[in-house]
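Just so you know, these numbers come straight off a predicted model, no measurement behind them.
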Amino acid sequence: RVLDVGCSEGKILKDLIERGYNKLYGIDIQEWSKTALAGTKVNYAECDIERETLPFKGPFDVIIISDVLEH
């Protein structure tokens with residue numbers, strides 16, 4: 001199980017799909033991320049992690065937080 005926090009358009013998650021991963025989760029504050037991940041196997045939720053609890057129950061094997069801290 002992989003969670004990508006701040007997944008944006010889902011580039012990392014889409015790459016993982018191509019590599020055979022199937023338990024993928026993504027969250028982002030931006031509404032357009034949902035559209036970018038439509039039709040994929042990614043479980044997506046719009047979420048502001050500063051104000052909301054995570055919408056998915058753990059545990060996760062990997063949590064990716066790429067390019068989030070700088071913003």
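- For residues 47-69, the pairs satisfying ring-ring contact (aromatic ring centres under 6.0 Å, His included) are Y25-F56, Y25-F60, with sequence neighbours left out.
- Contact record, I12 with S66: CD1-CB, 4.1 Å, taken as the closest heavy-atom pair.
- Taken to the nearest 0.5 Å, the OG1 atom of T40 stands 11.5 Å off from the CG atom of L16.
- Pairing each heavy atom of D28 with each of S8, the nearest pair is OD2-N, 2.6 Å.
- Rounding to the nearest 0.5 Å gives a distance of 5.0 Å between CG of L54 and CD1 of I27.
- A distance of 8.0 Å separates CD in E46 from NZ in K34, rounded to the nearest 0.5 Å.
- With rounding to the nearest 0.5 Å, the separation of CG in L24 from CG in L13 is 5.5 Å.
- Within the model, atoms CZ of R1 and CD1 of I63 stand 9.5 Å from one another, a figure rounded to the nearest 0.5 Å.
- For Y44 against C7, the heavy-atom pair with the smallest separation is CE1-SG, 3.9 Å.
- Remark: D15 pairs with R19 by the salt bridge (Lys or Arg N to Asp or Glu O under 4.0 Å) rule, at least two apart or across chains.
- Among V2, V5, L3, the one residue that satisfies the side-chain contact (heavy atoms from CB on, under 4.5 Å) test with I64 is V2.
- Between the NZ atom in K14 and the CD atom in E9 there is a gap of 7.0 Å [rounded to 0.5 Å].
- Evaluation of the side-chain hydrogen bond (donor to acceptor under 3.5 Å, both in side chains) rule for D48 yields R51 as partners, not counting sequence neighbours.
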